[in-house]
Amino acid sequence: MAKKPAKFKEYNHLVIEKKQQSLWDKNKTYKTLPVNAAKGKKPFYILDMFPYPSGAGLHVGHPRGYIGTDVLAHQKRMQGYNVLHPMGYDAFGLPAEQYAITHKVHPKRAVEINVKTFEKQLSAIGLSYDWAHRINTTDPEYYKWTQWIFLQLYNSYYDVKKNKAQSIDQLVKIFETKGNKDYTKNGNAHTTYRFAFSAVQWKGFTELKKQEILMHYRLAYEADSEVNWCQELGTVLANDEIVDKDGKQVSERGEYPVEKMTIRQWSMRITAYAERLISGLETIDFPEHIKTIQNNWIGKSEGAEIDFTVAGSSEKITAFTTRADTLFGVSAVVLAPEHDFIEKNKTQIQNYSVVETYIRQVKNKTNEERTENNEKSGVELKGIKAINPANGQAVSVWVADYVLAGYGTGAVMSVPAHDERDFEFANKYKLDIKKVIQSVDSENTSLPFIEKGMLVSSEKFTGMGSDVAKNEIVKSVGGRTITNYKMRDAIFARQRYWGEPIPLYRDKNGIIHEVKKLPLKLPNVKSYEPTGKAEGPLAGVKAWTDKGYETNTMPGWAGSSWYFLRYMDPKNTKSLVGDKEIAYWKNVDVYVGGAEHVTGHLLYSRFWHKFLKDIGVVNTEEPFKKMYNQGLILAADGRKMSKRWGNVVNPDDIIKTFGADTLRVYEMFMGPFTASQPWNTESIIGSRRFIERVWRLGQKIATSESNSSGLVTKADGKFERSGRTIFAEGEKGREEIRGPENLLSAAVTTEITLHKTIKKVSEDIENFAFNTAISSLMICLNELENVANSEQGIAKEDFKTFLQLLAPFAPHVTEELWEMFESISQKAKSKKQKPSQIHLSIWPKYNPKKITSSTVTIGVQVNGKVRAEITIPTDAIQADVESIAMKNEKVLQWLEGKEIKKIIYVPGRLINIAAV
RNA sequence: GCUGGAGUGGCGGAAUUGGUAUACGCGCUAGUCUUAGGAACUAGUACCGCAAGGUUUAAGGGUUCAAGUCCCUUCUCCAGCACCA
C-alpha cells in the first residue's frame, strides 16, 4: 500500500465496498417503483440474460455483460427513469441436472446451492439489481405459468387469413360446419394438413381420429419426428444444442455423439410464425449479424410447386423450384431417398432391388459421411418417366442422395445448365444439359448457372426476363407459387427429469386432456438419472404414469422464453403478468447477452412473445427493442476460460485484491463492449491507479480550506465568483484572460473539460462505448489534478460532477466520497437532513456553449503534409486563417518557390495549401 | 465453398465517419522520494535518423487538395451456414 500524507484517509476498498453495499441494501437505493407509485416517471427496462446457475460459479468473464447493463441502469436511474433491472435464474435443464448427478444431490438442492454461490458473487460486484424482482424458473409458482402458456399454445392454431393464432375451438367449429375442403387456408403452408373431409364426415370421426387431425393444427403438438438423440446424455437435443466437431455431430454440452432417430415428440409450431419472425427483424435494433443469422436460419425462399405427371399412371410427382423460368431445361426429376413415391410404385420400377439397395446404403450413412465429400450419387428408376408439363417431354426419374427429404417436396426438377448441383449430377450420369436462359449482356453465354437473364428456348416465352417468365410459366403449367422455409418446428420435449412437466394426460382411450389445476408439480423420484430410453425418469414413477401424465419434460428454453415478462410482476398469482404492469413496462428496452443464443433463446422468445400478443397477454410484437452482445473475455493465453485449461480467473480474488470498483472499471475499459478480449491481470493496475487518484484528489479537495476557488456558471452565461460577476461571455474574447498568469484560465479550462466529459460520457454509455467513456474520465481527471495542483484549485461542486459521471462505473468509491462531501456541507447547514446518495442524484447536463473554447489550434498542411500548427480564434473565417498561416515561418519555408493552386480550410480542423 | 465481420505501436485499443493517425491505459526507459520496492510521483516512449528530415494503419494499385476510413486485386484471422433446388 502506498504511503499517504497522514491527514488523508487510506483508500480501503474492502471496508468501503462492504459498507456501501449494506447501505444500498438498507436504504433500498435501487428499488424499482411499483407501477402505482411511479408517478409519471418514465419506465426503462434493462435486462441481462439470466444465467444457468452452474456449480462452477462465475469466472471473470461472466460479469462483463452484467456490469455493462449496470452502468446503463445507473445512468438511467440518475436521469430520472424508473428502472427495472432484475436478475434471476434459469435453473431447469441439463446444467443443473448434470451437476446434481455428478455431486449426488437432488437437482432442487443443487440449484439452491448454486444460486447461493451465484448471488454471493454477483453481490460482491455491487450490481444495482432490485432483488425483490428475482425469479427462478424451477419455482412451481413460476413454472405454473410456463405450463399455462404451453396449454394456450396447445389450444391454438394459426389462422393464415387473419395472420394470427386463434382458439382451436374455432377450427373445430369450421370443421363441424364446413369440413376441411379448404384446407390450404386452415394452416400455414408449411404445415397444412392435406386431407379434405366434409362436415358430415367430421362428425362421423371417432374422438381419436378428431384428435389426430387437430394435432396437425395445434401450435403445441405431438408428432413423429426425427430427432437428435444423444445416448450419453440420454435425451433429445435441439439443433442449436449440437455442434460440429471434426465433422462429427456432438452435443454442445459434453461433446457426446448425437444420432438421428424418429420418435413421438411434443413440438412447437414455430414455422407458423416464420414470416413474422423475419419481418419483425426490421423493427428491432439488434446487431446486424444477429439479424443475418436469424434470417438465414429461418431461410425463406419463394418459389413454386410444379406437378410432373408420371407416364402411363395417375401418379404425379411434385417438385419445388425457385427457378420455374428454367422449366424448359429440365433433364430429369430427382427424388430424395426418403420420398414415398418409390415405395408406393415399386411394382412399376423395373430395377427396384437396385434402387432399394441404394436407398439402404444412403440411410446407413451417418450425417458426416453424407456430407464428407460432395460427390453426388443416384440411381435411375427404370420404367418410370415423368412428363415435363411445359413441353410434354418425357424425362427420366432418379433417386439421389443430394436431394433433401425435409425441404420443399423432397423432389426436384433437375436443370443441369442452370444449377451447379444438377450440373455435377448430369455430368456424372450423362444427362442432357440444355441451356434455356441467356444472360442479358450475352457476354458469358458459354457458362452455365446464369443467375438471371432472358428465356431463349421456348417459342411462347422467348425473350422474357427471368422474373416475368417464372410467373408466366408457373401459371401456364398449373403450378402454385409457394414460400418455403428452412426452419423446422422445434422439438419441445426432453427425456429428462429436471424440467417442467407437460400439463396433459392421456386417458385409457388415448384421448388427451388438460391438467386443470396448475402447477402440475414435478414429483420426487428415486433416480433422476437418464434412463437411456426415449422416455424420461418420470416413467419410473407409478403414481405419475397411472394418471397418464407425459414422462417427458419441457426443454430448457421453455422457462426462458417468457421470463422477462415475469420480472415486471413476479409475485402475481392471478396471471403471468398484470395488465397494469404490461401496459407500463411493455417490453425490454435494452437486452444484453451472449451471441450463442441467436438461433435458440432469441428466436424462441420472439416466437412466444408474438403468440402472447395474439392471445392478448402482451401489447408488443417484439420482446426486446434493442440488444447488444457482450464480447467474451478470454484467458491470458487467448483460449476460452475453462477449468479444462486451468486458466480461470475468479472475480472473488480480483475483488479481494483490487476491489469491485477496479474490476468494474477494468472490464469496461479493456476494449469495446462487443469485442472479445484476453484478460490481463497485469493491466488491471491501471484501473486501480485511476480510482486511487480519484480518491486522493477527493480527499484533497474535501479537506481544502475554502470552497470559493471555482467559478460558477450562471444561467445567463455569466461567470460568477464569490457572488460577483467577473465577466460575461462574448463581452471580451476569452483569449485575453487565458494567459498563463491569469487566475481565471484554469477555471475556464476546467469548465470546458467538464462539459466535454459530461457530453462524451453520457453519449458513450448510451451507445455502450464504455471504454471511451472511461478514457475521457481519465483525461478529465488528469486535467482536474493539474488544476488542483495549481494555485487555482477545484471547486467542490465541479469535483462532485466528475464523481457523478464516474458513479455508474465505480459505484462504491464515488458514493463514499459523495458522502464525505455531503457531511461537510451538512455541518454548514442543518444536521437534520438526511444526506443524499450519489446514485439518486441528478445526472449532470452539459451546456453546448461551454464545450468550445475561444481559440483552437489547427494544423497547416502543405500538399497534404502537416508542416506547422497555428492557433486561431474558433470563429475565424477562411481569409483570416489563410493570412495567419501565410505568416508562419515554417509554412513559408515549404512554399518557397512554389505556386499556390488551391487552399482548403476545414473549420476548426486544418488548412491545406496545395502548391506546385 | 457461400454469407457476415475484422486486420492500426511491444500489448489492450482511440480516431468527431474523408480532415493534425497512434487518444486513454498496460509495459518499457530515466529521474524524484525512500532502509528497500514488484508502491507512489515526474518526464519520455510508432519506426528510421545525431539532426534537418523521412517512413508508417495486413500487401499492392486507384479516386481526392486530403484516405486507417471510399473503390479494385491479393493475403490472413474470427463467426455463422454447410448439397435448402
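In this text, all values refer to a predicted model and were calculated from it rather than measured experimentally. A note on names: the letters A, B, ... follow the listed sequences, proteins ahead of strands, and every chain is numbered from 1.
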Which whole number of Å gives the distance between the [atom1] atom of [N] and that of [M]?
N	M	atom1	value
B:A58	B:U8	P	6 Å
B:A85	B:U63	C1'	42 Å
B:A30	B:C24	P	23 Å
B:C71	B:A6	P	12 Å
B:C77	B:A59	C1'	15 Å
B:C48	B:C33	P	32 Å
B:G12	B:G4	C1'	25 Å
B:G62	B:C26	P	42 Å

At under 4.0 Å between heavy atoms, what does [X] touch on the DNA or RNA strands: base, sugar-phosphate, or nothing?
X	result
A:E869	base
A:N680	nothing
A:S683	sugar-phosphate
A:T857	base
A:K291	nothing
A:L910	base
A:N863	nothing
A:D422	nothing
A:W679	nothing
A:I685	sugar-phosphate

Notebook entry, point to check: Hey, is the side chain of A:K901 pairing donor to acceptor with the base of B:C65 inside 3.5 Å?
Noted result: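 There is none.
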With respect to the phosphate group of [N], does any side-chain polar atom (N or O) of [X] fall under 4.0 Å of OP1 or OP2?
X	N	answer
A:K902	B:U64	no
A:R689	B:G27	yes
A:Y402	B:A85	no
A:S775	B:G13	no
A:Q861	B:G19	no
A:N771	B:A14	yes

For this session: Please report the C-alpha distance between A:Q294 and A:R606 in whole Å, then the side-chain angles of each, then the deciding distance to 0.1 Å, and finally whether the side chain to side chain donor-acceptor pair (under 3.5 Å) criterion is met.
Result: CA-CA 11 Å; A:Q294 286 206 349; A:R606 291 183 58 221; 2.6 Å; yes
_Check the orientation of A:H597 and A:H601. Use parallel for under 30°, tilted for 30 to 60°, and perpendicular for over 60°._
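Judged by the thresholds at 30° and 60°, the geometry between A:H597 and A:H601 is perpendicular.
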Whether the [X] and [Y] side chains hold a donor-acceptor pair (N or O, under 3.5 Å, no angle test) is what I'd like checked.
X	Y	result
A:Y402	A:D422	yes
A:R693	A:N782	yes
A:N629	A:T674	no

From CD1 of A:I293 across to C1' of B:C2 the rounded distance in Å is 14 Å
I want to verify a distance call: between [options], whose nearest atom is closest to the [X] side chain?
X	options	result
A:N296	B:U3, B:G25, B:U20	B:U3
A:V906	B:U20, B:A85, B:G19	B:G19
A:K376	B:G53, B:A85, B:C83	B:C83
A:R696	B:G19, B:C24, B:C41	B:C41
A:W297	B:C81, B:G19, B:G25	B:C81

The reported gap from OH in A:Y846 to OG1 in A:T757 (rounded to nearest 0.5 angstrom) is 12.5 Å
Problem - Short N-O contact, A:D325 and A:R323, less than 4.0 angstrom - result: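 Counted as a salt bridge, because a side-chain N and a carboxylate O are separated by less than 4.0 Å.
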Applying the 3.5 Å cut-off to both distances, the Watson-Crick or G-U partner of B:U3 turns out to be B:A79
Contacts of A:A411 and A:S676 projected onto RNA chain B by closest heavy atom; the upstream (5') one is A:S676
Judged by whether its glycosidic angle lies within 90° of 0, B:G9 is syn
